[in-house]
Amino acid sequence: MKPVLEARGLSRSFGSVRALDACDFDVYAGEVVALIGDNGAGKSTLVKAMTGNLDVDAGSLLLDGEPVAFKSPQDASAVGIEVVHQDLALAPHLNPAQNMFLGREIMAKGLLGKLGFMDRAAMMRRSAESFADLGSAVRSLVTPVGSMSGGQKQSVAIARSVAWANRVLFLDEPTAALGVVQTANVLDMIRRVRNSGVAVVLISHSMPHVLEVADRVQVLRLGRRVATLPAAGATVEQLVGAMTGALDTKSGASS
Amino acid sequence: MTTATKATVEALVDSATSGDDQPWLKRLTALQSVWILGVLIVIVVIFGALSPTRFLTYSNLMNISQNVSIWAVLAVGMTFVIITSGIDLSIGSVLVFSSVIAAKVMEALGGEGWGTAIVGIVLSSACGVLWGVLNGVLVSKAKLPPLIVTLGTLSIALGAAQIITSGLDIRAVPTVLQDAIGYGRVFGIPVIALIALAIVLIGGTMLHRTRFGLYTFAIGSNAMAPLRVGINVDRNLIKIYALCGFLAGVAGVLSLSQYGTTTIAGQSLTNLNVIAAVVIGGTSVFGGQGSMFGSMVGLFIPAVLQSGFVITGVSPFWQTVAVGAILVAAVFVDQQRRAASLRGGKARK
């Protein structure tokens, strides 16, 4: 089986700083891969490079084993790759359904649609189904997102991305600002997305959350992947060791 | 899907469809619109009680409608612009410039018929669109603050109009325009008010019902949201400023029709009056929320005050004072609401 998305030898420098140094990454359909690393290890740069947000100096991307290049985030979206950014990029004055379908509105049929009118009932229904499928904590489709709790906002952002991500879903620090119950809810959503066959890449600083939900862990340090290990059986000490370089790569992945 | 999730879907959809068919809009704007509508009603009741025989008459109400018509057309565009968290200070000057160009050409063509008038209408609207596009490009592409851009075009458009006319008003307005639009009435209602009403209804529908309107709210709410999903924010902003300019051009024609002359020196406070009306009506200068209905209520408050003060013999200068006070009070209420919703948003349960 080929990885649904694979990065080979991605390099990118900003001036004299080598943010990515021949970095590899792979993720398979139906698994949760945690991408961890200390601040400045290159996690964000790698995600940007794999989702059409950043050009690389060298290296290649493979989608289902075929070479692919994304010129823009929309190119990545078009093949079913979505990112939930840490800032969520929701419009606080719009309701969950409007946020969910922003930029992908279902238009009314016929002439009305041509005139720019939308099929709101259909968008409401599809949003409600998405939230229900994911076990989202959203309780109202008409409340502006801005007045919702952090966990509810996160679930709207995830539901929006999941609705369009049929291959890979990247989540950047989805639990960073959440309380215990909300975090449990988001981790549960992640499992549901994985069980639907989508590949999930979880970027997180929280080792307990990583170990709780991930199937595999890939560790970045100084712009390189320095370790790949199954989450089952791994310990927080092991992960932190790999991140900081204290425990040098015994679970060898850097080739 | 399991029965449990089906039930959740039903509950969510019910929450969205019960009651008003436009509930999100209601939730967003009801408070301020209702509050300010209450203020308007109180003002009307007070003047009605003070002078029942003169204030609450059909002819006085029609006068008020006629007086707000031009501002109403401008307020439609301004509502769109302010919802994007922008501002357009140039509308008064663009109105003047457009009407000057139209009047100049109509003067050169001569004739008092519809042929000449239509040329004027098209030219005036086109001038408005051009100024609007210029504003939009400078705001979106050059990333300049809307306040500065439109302050600049305010100056340029007015100066250009003065250069073209040497500062002298042009009175060459075809009589058909004045007769049909300026003084015309259909079923006793001023034609100019009917035109304004049509534009307000179309504008309101565009804002609250179409994708263009939704993007207007989204841009003002958080420009990153539409950007990240691949919406062309720049192009939408240009369209919005172009719409505002277009309506200023249309208002130029209405002004020519109503006054029979260009009003070069008469529009210096138009921009501020329209902005005040829109903001009183609950449209937030911070962007993301507002309504066409609110803007119209906000527009009637100064007009009704003006008429009421004149009729009751109070110095009309008090109108200016009252409108200023209401503006500050309205923004205070808006701020309180924003603070409250922010607190709600940050709550951790």
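Throughout, protein chains are lettered first and strands after them, A, B, ... in sequence-line order, and every chain is numbered starting at 1.
For chain B, the nearby part of Asp87(A) is the side chain; its heavy atoms alone come within less than 4.5 Å. Contacts of Leu112(A) with chain B are absent, with no heavy-atom separation under 4.5 Å from either backbone or side chain. With a 4.5 Å cut-off on non-hydrogen atoms, Leu102(A) touches chain B through its backbone and its side chain both.
Contact between Leu94(A) and Ala218(B) at its shortest, heavy atoms only, is CD1-CB, 3.8 Å. Shown here for Ala91(A) and Ser221(B), the closest heavy-atom pair between the two residues is C-OG, 3.3 Å. Between Gly287(B) and His93(A), the shortest heavy-atom contact is O-CE1, 3.5 Å.
Of the listed residues (His85(A), Gln74(A), Met107(A)), the one with the most heavy-atom contacts under 4.5 Å to chain B is His85(A). Contact count versus chain A (heavy atoms, under 4.5 Å) is highest, among Thr210(B), Asn222(B), Thr205(B), for Thr210(B).
To the nearest 0.5 Å, atom CG of residue Leu88(A) and atom CE of residue Met224(B) are 11.5 Å apart. From Leu214(B), atom CG reaches atom CE of Met123(A) across 7.5 Å, with rounding to the nearest 0.5 Å.
Within a 6.0 Å radius of CZ in Arg104(A), other residues, nucleotides and ligands contribute more than 12 heavy atoms. For Phe332(B), the CZ atom is loosely surrounded, since the number of other residues' heavy atoms within 6.0 Å does not exceed 12. Surrounding CZ of Arg126(A) are at most 12 heavy atoms belonging to other residues, nucleotides or ligands under 6.0 Å away.
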**Message:** Go through it in stages, so that I can follow the logic: the residues are Phe101(A) and Arg211(B), the test is side-chain contact (heavy atoms from CB on, under 4.5 Å), and I'd like the CA-CA distance, side-chain angles, deciding distance and then a yes or no.
**Reply:** CA-CA 11 Å; Phe101(A) 281 91; Arg211(B) 183 165 62 179; over 6 Å; no
